[in-house]
Undergrad: 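The structure's right below; bear with me while I get my questions together.
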There are 2 protein chains.
Amino acid sequence: MPTSTRFAVAVHILTALAVGDGKPMRSEDLAYSANTSPVVIRGLLSRLSDAGLTRSQLGAGGGTMLARAAKKIKLLDVYEAVEDTELFSLHRTPPCESCAVGGNILEAMQPTLMRARKGLENELAKVTIGDIASEVARLGRFTMPLTW
Amino acid sequence: MPTSTRFAVAVHILTALAVGDGKPMRSEDLAYSANTSPVVIRGLLSRLSDAGLTRSQLGAGGGTMLARAAKKIKLLDVYEAVEDTELFSLHRTPPCESCAVGGNILEAMQPTLMRARKGLENELAKVTIGDIASEVARLGRFTMPLTW
DNA sequence: AAGTGTGTCGATGCTACTATTACATATAAT
DNA sequence: ATTATATGTAATAGTAGCATCGACACACTT
(Lines give C-alpha, C1' and ligand atoms only; values in the text may rest on other atoms or scores of the structure.)
Protein backbone atom coordinates (compact mmCIF):
# COMPACT_ATOMS: atom_id res chain seq x y z
CA MET A 1 0.00 0.00 0.00
CA PRO A 2 1.10 3.40 -0.70
CA THR A 3 2.80 4.54 2.43
CA SER A 4 3.84 8.08 3.09
CA THR A 5 7.15 9.31 4.38
CA ARG A 6 5.56 12.57 5.38
CA PHE A 7 5.47 11.90 9.10
CA ALA A 8 9.14 11.03 9.33
CA VAL A 9 10.20 14.01 7.25
CA ALA A 10 7.92 16.38 9.15
CA VAL A 11 9.46 15.29 12.45
CA HIS A 12 12.84 15.81 10.85
CA ILE A 13 11.92 19.35 9.83
CA LEU A 14 10.58 20.31 13.22
CA THR A 15 13.52 18.77 15.00
CA ALA A 16 15.91 20.75 12.85
CA LEU A 17 14.03 23.92 13.73
CA ALA A 18 14.06 23.00 17.41
CA VAL A 19 17.76 22.25 17.45
CA GLY A 20 18.65 25.54 15.80
CA ASP A 21 19.04 28.86 17.52
CA GLY A 22 15.66 30.18 16.49
CA LYS A 23 16.76 31.77 13.28
CA PRO A 24 14.45 30.99 10.38
CA MET A 25 15.54 28.13 8.14
CA ARG A 26 14.91 28.07 4.42
CA SER A 27 13.13 25.21 2.72
CA GLU A 28 16.29 24.66 0.74
CA ASP A 29 18.33 24.10 3.90
CA LEU A 30 15.76 21.74 5.31
CA ALA A 31 15.63 19.88 2.01
CA TYR A 32 19.38 19.41 2.11
CA SER A 33 19.26 17.91 5.59
CA ALA A 34 16.33 15.65 4.83
CA ASN A 35 17.74 14.77 1.42
CA THR A 36 14.63 15.64 -0.52
CA SER A 37 13.43 18.53 -2.65
CA PRO A 38 12.49 22.00 -1.41
CA VAL A 39 9.05 21.58 -2.92
CA VAL A 40 8.35 18.56 -0.76
CA ILE A 41 9.49 20.52 2.28
CA ARG A 42 7.30 23.45 1.42
CA GLY A 43 4.34 21.14 0.95
CA LEU A 44 4.88 19.76 4.42
CA LEU A 45 5.46 23.19 5.88
CA SER A 46 2.17 24.27 4.43
CA ARG A 47 0.41 21.55 6.41
CA LEU A 48 2.42 22.21 9.55
CA SER A 49 1.66 25.89 9.29
CA ASP A 50 -2.06 25.22 8.89
CA ALA A 51 -1.86 23.14 12.05
CA GLY A 52 -0.27 26.04 13.89
CA LEU A 53 3.05 24.32 14.45
CA THR A 54 5.24 26.58 12.34
CA ARG A 55 5.18 30.03 10.84
CA SER A 56 7.09 31.33 7.88
CA GLN A 57 8.65 34.59 6.95
CA LEU A 58 8.91 35.76 3.38
CA GLY A 59 11.72 37.70 1.82
CA ALA A 60 15.45 37.85 2.25
CA GLY A 61 16.65 36.38 5.52
CA GLY A 62 13.29 34.65 5.81
CA GLY A 63 12.39 31.04 6.34
CA THR A 64 10.41 28.95 8.78
CA MET A 65 10.37 28.93 12.57
CA LEU A 66 8.52 26.96 15.20
CA ALA A 67 5.28 28.63 16.18
CA ARG A 68 5.56 27.42 19.76
CA ALA A 69 8.07 25.77 22.07
CA ALA A 70 9.34 22.40 20.92
CA LYS A 71 8.27 20.88 24.21
CA LYS A 72 4.71 21.88 23.41
CA ILE A 73 4.62 20.04 20.10
CA LYS A 74 3.58 16.43 20.46
CA LEU A 75 4.41 13.90 17.78
CA LEU A 76 0.70 13.24 17.62
CA ASP A 77 0.20 16.84 16.54
CA VAL A 78 2.64 16.26 13.72
CA TYR A 79 1.04 12.97 12.78
CA GLU A 80 -2.39 14.50 12.54
CA ALA A 81 -1.08 17.47 10.62
CA VAL A 82 0.55 15.56 7.80
CA GLU A 83 -1.13 12.18 7.52
CA ASP A 84 -4.47 12.05 5.83
CA THR A 85 -5.13 8.41 5.03
CA GLU A 86 -6.90 6.14 7.47
CA LEU A 87 -4.67 3.81 9.43
CA PHE A 88 -6.81 0.81 8.49
CA SER A 89 -8.25 0.68 5.00
CA LEU A 90 -11.43 -1.27 4.72
CA HIS A 91 -12.76 -3.21 1.76
CA ARG A 92 -12.15 -1.37 -1.48
CA THR A 93 -15.58 -2.42 -2.66
CA PRO A 94 -18.08 -2.68 0.21
CA PRO A 95 -18.80 -6.28 1.20
CA CYS A 96 -22.01 -8.06 0.32
CA GLU A 97 -24.75 -6.31 2.28
CA SER A 98 -27.10 -9.25 2.27
CA CYS A 99 -24.55 -11.71 3.60
CA ALA A 100 -24.57 -12.57 7.28
CA VAL A 101 -20.93 -11.69 7.61
CA GLY A 102 -20.57 -9.08 4.89
CA GLY A 103 -23.42 -7.02 6.23
CA ASN A 104 -22.03 -6.74 9.73
CA ILE A 105 -18.29 -7.22 9.60
CA LEU A 106 -17.40 -3.57 9.29
CA GLU A 107 -19.46 -2.55 12.27
CA ALA A 108 -18.14 -5.50 14.23
CA MET A 109 -14.54 -4.59 13.59
CA GLN A 110 -14.89 -0.89 14.15
CA PRO A 111 -14.45 -0.70 17.94
CA THR A 112 -11.29 -2.77 17.80
CA LEU A 113 -9.79 -0.73 15.01
CA MET A 114 -10.61 2.43 16.92
CA ARG A 115 -8.91 1.13 20.04
CA ALA A 116 -5.86 0.09 18.05
CA ARG A 117 -5.62 3.53 16.54
CA LYS A 118 -5.94 5.10 19.98
CA GLY A 119 -3.23 2.82 21.26
CA LEU A 120 -0.89 4.15 18.65
CA GLU A 121 -1.94 7.75 19.13
CA ASN A 122 -1.51 7.59 22.89
CA GLU A 123 2.14 6.70 22.45
CA LEU A 124 2.68 9.48 19.94
CA ALA A 125 1.11 11.90 22.40
CA LYS A 126 3.70 11.08 25.05
CA VAL A 127 6.67 12.36 23.08
CA THR A 128 7.40 15.89 21.93
CA ILE A 129 9.64 17.45 19.35
CA GLY A 130 11.65 18.72 22.30
CA ASP A 131 12.29 15.15 23.39
CA ILE A 132 13.41 14.14 19.91
CA ALA A 133 15.62 17.20 19.63
CA SER A 134 17.28 16.40 22.96
CA GLU A 135 17.87 12.86 21.87
CA VAL A 136 19.37 13.99 18.57
CA ALA A 137 21.67 16.34 20.48
CA ARG A 138 22.73 13.53 22.78
CA LEU A 139 23.40 11.14 19.92
CA GLY A 140 25.24 13.79 17.94
CA ARG A 141 27.18 14.98 21.00
CA PHE A 142 26.36 18.64 20.63
CA THR A 143 24.44 21.16 22.69
CA MET A 144 21.41 23.18 21.81
CA PRO A 145 20.94 25.66 20.41
CA LEU A 146 23.11 24.67 17.50
CA THR A 147 24.21 27.53 15.25
CA TRP A 148 24.61 26.39 11.70
CA MET B 1 -0.43 5.46 5.62
CA PRO B 2 0.38 2.10 5.51
CA THR B 3 -2.43 -0.28 5.35
CA SER B 4 -3.80 -2.30 2.51
CA THR B 5 -7.28 -3.70 2.54
CA ARG B 6 -5.77 -7.10 3.16
CA PHE B 7 -6.20 -6.98 6.90
CA ALA B 8 -9.88 -6.11 6.72
CA VAL B 9 -10.58 -8.74 4.09
CA ALA B 10 -8.58 -11.38 5.94
CA VAL B 11 -10.59 -10.77 9.09
CA HIS B 12 -13.70 -11.03 6.97
CA ILE B 13 -12.59 -14.38 5.60
CA LEU B 14 -11.72 -15.84 8.97
CA THR B 15 -14.92 -14.56 10.51
CA ALA B 16 -16.94 -16.18 7.76
CA LEU B 17 -15.18 -19.47 8.43
CA ALA B 18 -15.76 -19.06 12.18
CA VAL B 19 -19.44 -18.33 11.79
CA GLY B 20 -20.00 -21.33 9.58
CA ASP B 21 -20.59 -24.86 10.72
CA GLY B 22 -17.07 -26.03 10.01
CA LYS B 23 -17.70 -27.13 6.49
CA PRO B 24 -14.99 -25.97 4.07
CA MET B 25 -15.81 -22.80 2.16
CA ARG B 26 -14.67 -22.22 -1.39
CA SER B 27 -12.69 -19.14 -2.37
CA GLU B 28 -15.53 -18.28 -4.70
CA ASP B 29 -18.02 -18.17 -1.83
CA LEU B 30 -15.71 -16.06 0.28
CA ALA B 31 -15.12 -13.74 -2.66
CA TYR B 32 -18.84 -13.26 -3.02
CA SER B 33 -19.26 -12.28 0.61
CA ALA B 34 -16.27 -9.95 0.61
CA ASN B 35 -17.17 -8.58 -2.81
CA THR B 36 -13.82 -9.21 -4.38
CA SER B 37 -12.29 -11.78 -6.69
CA PRO B 38 -11.53 -15.42 -5.84
CA VAL B 39 -7.90 -14.89 -6.74
CA VAL B 40 -7.53 -12.15 -4.17
CA ILE B 41 -9.06 -14.47 -1.62
CA ARG B 42 -6.74 -17.28 -2.54
CA GLY B 43 -3.78 -14.96 -2.26
CA LEU B 44 -4.83 -14.07 1.26
CA LEU B 45 -5.57 -17.68 2.11
CA SER B 46 -2.09 -18.55 0.99
CA ARG B 47 -0.67 -16.17 3.58
CA LEU B 48 -3.10 -17.25 6.27
CA SER B 49 -2.26 -20.86 5.60
CA ASP B 50 1.47 -20.15 5.85
CA ALA B 51 0.78 -18.52 9.20
CA GLY B 52 -1.01 -21.67 10.35
CA LEU B 53 -4.41 -20.04 10.68
CA THR B 54 -6.24 -21.96 7.96
CA ARG B 55 -5.93 -25.12 6.00
CA SER B 56 -7.35 -25.97 2.62
CA GLN B 57 -8.71 -29.03 0.99
CA LEU B 58 -8.46 -29.65 -2.71
CA GLY B 59 -11.00 -31.26 -4.95
CA ALA B 60 -14.75 -31.44 -5.09
CA GLY B 61 -16.41 -30.50 -1.83
CA GLY B 62 -13.17 -28.90 -0.77
CA GLY B 63 -12.39 -25.40 0.41
CA THR B 64 -10.82 -23.74 3.40
CA MET B 65 -11.30 -24.26 7.12
CA LEU B 66 -9.88 -22.71 10.24
CA ALA B 67 -6.79 -24.53 11.41
CA ARG B 68 -7.59 -23.85 15.05
CA ALA B 69 -10.42 -22.52 17.20
CA ALA B 70 -11.59 -19.01 16.37
CA LYS B 71 -11.02 -17.99 19.97
CA LYS B 72 -7.36 -18.89 19.55
CA ILE B 73 -6.82 -16.58 16.59
CA LYS B 74 -5.89 -13.06 17.62
CA LEU B 75 -6.38 -10.18 15.24
CA LEU B 76 -2.70 -9.51 15.72
CA ASP B 77 -1.98 -12.93 14.22
CA VAL B 78 -4.00 -11.93 11.19
CA TYR B 79 -2.35 -8.55 10.96
CA GLU B 80 1.11 -10.06 10.99
CA ALA B 81 0.14 -12.71 8.50
CA VAL B 82 -1.09 -10.40 5.78
CA GLU B 83 0.56 -7.01 6.24
CA ASP B 84 4.09 -6.68 5.06
CA THR B 85 4.78 -2.96 4.93
CA GLU B 86 6.19 -1.13 7.92
CA LEU B 87 3.69 0.92 9.88
CA PHE B 88 5.92 4.00 9.67
CA SER B 89 7.83 4.60 6.47
CA LEU B 90 11.01 6.52 6.93
CA HIS B 91 12.74 8.84 4.50
CA ARG B 92 12.60 7.52 0.96
CA THR B 93 16.17 8.64 0.45
CA PRO B 94 18.24 8.47 3.65
CA PRO B 95 18.77 11.88 5.24
CA CYS B 96 22.06 13.74 5.09
CA GLU B 97 24.50 11.68 7.15
CA SER B 98 26.80 14.57 7.93
CA CYS B 99 24.05 16.85 9.20
CA ALA B 100 23.55 17.17 12.93
CA VAL B 101 19.89 16.28 12.60
CA GLY B 102 19.97 14.11 9.50
CA GLY B 103 22.61 11.83 10.94
CA ASN B 104 20.72 11.06 14.12
CA ILE B 105 17.04 11.62 13.54
CA LEU B 106 16.23 8.05 12.57
CA GLU B 107 17.85 6.59 15.64
CA ALA B 108 16.25 9.26 17.81
CA MET B 109 12.76 8.49 16.53
CA GLN B 110 13.05 4.76 16.59
CA PRO B 111 12.09 4.03 20.22
CA THR B 112 8.98 6.14 19.93
CA LEU B 113 7.90 4.55 16.69
CA MET B 114 8.46 1.15 18.21
CA ARG B 115 6.31 1.99 21.23
CA ALA B 116 3.59 3.36 18.98
CA ARG B 117 3.60 0.18 16.96
CA LYS B 118 3.44 -1.87 20.14
CA GLY B 119 0.53 0.24 21.34
CA LEU B 120 -1.39 -0.70 18.25
CA GLU B 121 -0.39 -4.34 18.35
CA ASN B 122 -1.34 -4.72 22.00
CA GLU B 123 -4.89 -3.74 21.17
CA LEU B 124 -5.03 -6.13 18.24
CA ALA B 125 -3.81 -8.89 20.52
CA LYS B 126 -6.75 -8.43 22.86
CA VAL B 127 -9.40 -9.40 20.33
CA THR B 128 -9.91 -12.71 18.60
CA ILE B 129 -11.72 -13.88 15.51
CA GLY B 130 -14.11 -15.56 17.92
CA ASP B 131 -14.95 -12.16 19.42
CA ILE B 132 -15.57 -10.66 16.00
CA ALA B 133 -17.69 -13.65 14.98
CA SER B 134 -19.83 -13.31 18.12
CA GLU B 135 -20.29 -9.64 17.46
CA VAL B 136 -21.29 -10.29 13.86
CA ALA B 137 -23.80 -12.85 15.05
CA ARG B 138 -25.23 -10.42 17.55
CA LEU B 139 -25.52 -7.63 15.02
CA GLY B 140 -27.00 -9.97 12.42
CA ARG B 141 -29.33 -11.58 14.96
CA PHE B 142 -28.43 -15.14 14.18
CA THR B 143 -26.78 -17.93 16.13
CA MET B 144 -23.66 -19.83 15.39
CA PRO B 145 -22.93 -22.10 13.73
CA LEU B 146 -24.69 -20.68 10.74
CA THR B 147 -25.42 -23.16 7.96
CA TRP B 148 -25.33 -21.52 4.56
C1' DA C 1 14.18 48.80 -7.29
C1' DA C 2 16.42 44.49 -6.70
C1' DG C 3 16.97 40.33 -4.49
C1' DT C 4 15.16 36.55 -1.83
C1' DG C 5 12.06 33.00 -0.12
C1' DT C 6 7.47 31.12 0.26
C1' DG C 7 3.32 28.89 -1.57
C1' DT C 8 1.22 26.37 -5.17
C1' DC C 9 0.37 24.34 -9.67
C1' DG C 10 1.18 20.89 -13.38
C1' DA C 11 3.71 17.13 -15.34
C1' DT C 12 6.47 12.95 -14.79
C1' DG C 13 8.02 8.63 -13.01
C1' DC C 14 7.68 5.23 -9.45
C1' DT C 15 5.72 1.85 -6.34
C1' DA C 16 2.14 -0.78 -4.04
C1' DC C 17 -2.27 -2.70 -4.47
C1' DT C 18 -6.33 -4.87 -6.66
C1' DA C 19 -8.66 -7.17 -10.44
C1' DT C 20 -8.64 -10.50 -13.98
C1' DT C 21 -7.34 -14.26 -17.00
C1' DA C 22 -5.09 -18.42 -17.46
C1' DC C 23 -3.18 -22.74 -16.22
C1' DA C 24 -0.83 -26.49 -13.65
C1' DT C 25 -1.64 -29.50 -9.76
C1' DA C 26 -4.11 -32.17 -6.46
C1' DT C 27 -8.24 -34.33 -4.63
C1' DA C 28 -13.00 -36.23 -4.53
C1' DA C 29 -16.80 -38.43 -6.71
C1' DT C 30 -18.57 -41.59 -9.96
C1' DA D 1 -9.71 -44.78 -14.47
C1' DT D 2 -12.13 -40.82 -15.70
C1' DT D 3 -14.28 -36.64 -14.81
C1' DA D 4 -15.40 -32.73 -12.21
C1' DT D 5 -13.87 -29.59 -8.79
C1' DA D 6 -10.98 -26.48 -6.10
C1' DT D 7 -6.60 -24.70 -4.81
C1' DG D 8 -2.18 -22.24 -5.75
C1' DT D 9 0.60 -19.34 -8.59
C1' DA D 10 2.10 -16.69 -12.57
C1' DA D 11 1.41 -12.90 -15.83
C1' DT D 12 -0.91 -8.79 -17.13
C1' DA D 13 -3.26 -4.61 -16.78
C1' DG D 14 -5.46 -0.83 -14.51
C1' DT D 15 -5.63 2.36 -10.44
C1' DA D 16 -4.16 5.39 -6.80
C1' DG D 17 -0.96 7.76 -3.88
C1' DC D 18 3.57 9.59 -3.44
C1' DA D 19 7.97 11.94 -4.45
C1' DT D 20 10.55 14.60 -7.79
C1' DC D 21 11.15 18.49 -10.72
C1' DG D 22 10.43 22.88 -13.17
C1' DA D 23 8.08 27.02 -13.15
C1' DC D 24 5.99 31.17 -11.49
C1' DA D 25 3.07 34.50 -8.95
C1' DC D 26 3.24 36.78 -4.64
C1' DA D 27 5.20 38.93 -0.50
C1' DC D 28 8.79 40.71 2.22
C1' DT D 29 13.51 42.52 3.20
C1' DT D 30 17.34 45.22 2.15
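Chain letters run A, B, ... following the sequence lines, proteins first and then strands; every chain starts at 1. None of these values were measured; they are calculated from a predicted model.
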Undergrad: Identify every side-chain donor-acceptor pair in residues 93-106 of chain A under 3.5 Å, counting partners at least two apart or on other chains, and give the distances.
TA:
residue: A:Thr93; atom: OG1; partner: B:Asn35; partner atom: O; Å: 2.5
residue: A:Asn104; atom: ND2; partner: A:Ala100; partner atom: O; Å: 3.0

Undergrad: Which residues pass the side-chain hydrogen bond (donor to acceptor under 3.5 Å, both in side chains) test with B:Asp131, sequence neighbours left out?
TA: B:Thr128

Undergrad: Give a yes/no answer on whether the side chain of A:Arg26 brings an N or O atom under 4.0 Å of OP1 or OP2 in C:dT6.
TA: no

Undergrad: Taking only the side-chain nitrogens and oxygens of A:Thr5, find out if one of them lies under 4.0 Å from OP1 or OP2 of D:dC18.
TA: no

Undergrad: In this structure, how many angstroms lie between the C1' atom of D:dG17 and the CD atom of A:Glu83, rounded?
TA: 12 Å

Undergrad: Among all residues two or more places apart in sequence or in another chain, which pass the side-chain hydrogen bond (donor to acceptor under 3.5 Å, both in side chains) test with B:Thr36?
TA: none

Undergrad: Strictly below 4.0 Å, heavy-atom distances to any atom of DNA chain C: list the hits from residues 38-50 of chain B, or just say none.
TA: B:Val39, B:Val40, B:Arg42

Undergrad: If I take atom CZ in residue B:Arg6 and atom C1' in nucleotide C:dC17, what distance separates them, rounded to the nearest angstrom?
TA: 7 Å

Undergrad: May I ask you to decide if B:Arg42's main-chain N or O and B:Ser46's side chain share a donor-acceptor pair within less than 3.5 Å?
TA: no

Undergrad: Between B:Thr93 and B:Ser27, which has a closest nucleotide on DNA chain D that is more 5'?
TA: B:Ser27

Undergrad: Same cluster or not: are B:Met144 and B:Ile129 linked, directly or through other Ile, Leu, Val, Met, Phe, Trp or Tyr residues, by side-chain heavy atoms under 4.5 angstrom apart?
TA: yes

Undergrad: Give me each pair satisfying side-chain hydrogen bond (donor to acceptor under 3.5 Å, both in side chains) with a member in residues 56-69 of chain B, each pair once, sequence neighbours excluded.
TA: B:Ser56-B:Thr64

Undergrad: Under 4.0 Å from OP1 or OP2 of C:dT18: is there any side-chain N or O of B:Thr36 that close?
TA: no

Undergrad: Measure the distance from CD1 on B:Ile13 to P on D:dT7 and round it to the nearest whole Å.
TA: 11 Å

Undergrad: Using a 4.0 Å heavy-atom cut-off, write out nucleotides 25-30 of chain C from 5' to 3' as B (base contacted by protein), S (sugar-phosphate only) or - (no contact).
TA: -SBS--

Undergrad: Please enumerate all residues that pass side-chain hydrogen bond (donor to acceptor under 3.5 Å, both in side chains) together with A:Arg115, with sequence neighbours excluded.
TA: none

Undergrad: Between A:Ser56 and C:dG5, is there a side-chain N or O to OP1/OP2 distance below 4.0 Å?
TA: no

Undergrad: A:Met65 has an atom CE; how far is it from atom P of C:dG5, in whole Å?
TA: 13 Å

Undergrad: Please report the distance, rounded to the nearest Å, between CD in A:Glu28 and C1' in C:dT6.
TA: 12 Å

Undergrad: Table please: side-chain donor-acceptor pairs of residues 8-16 of chain B below 3.5 Å, with sequence neighbours left out.
TA:
residue: B:His12; atom: ND1; partner: A:His91; partner atom: NE2; Å: 3.0
residue: B:His12; atom: NE2; partner: B:Ser33; partner atom: OG; Å: 2.9
residue: B:Thr15; atom: OG1; partner: B:Val11; partner atom: O; Å: 2.6

Undergrad: In chain order, what residues pass the side-chain hydrogen bond (donor to acceptor under 3.5 Å, both in side chains) check against A:Asp29, with sequence neighbours excluded?
TA: A:Arg26

Undergrad: Measure the distance from CG on A:Leu90 to C1' on C:dT18 and round it to the nearest whole Å.
TA: 15 Å

Undergrad: Tell me whether the side-chain N/O atoms of B:Arg55 come closer than 4.0 Å to OP1 or OP2 in D:dT7.
TA: no

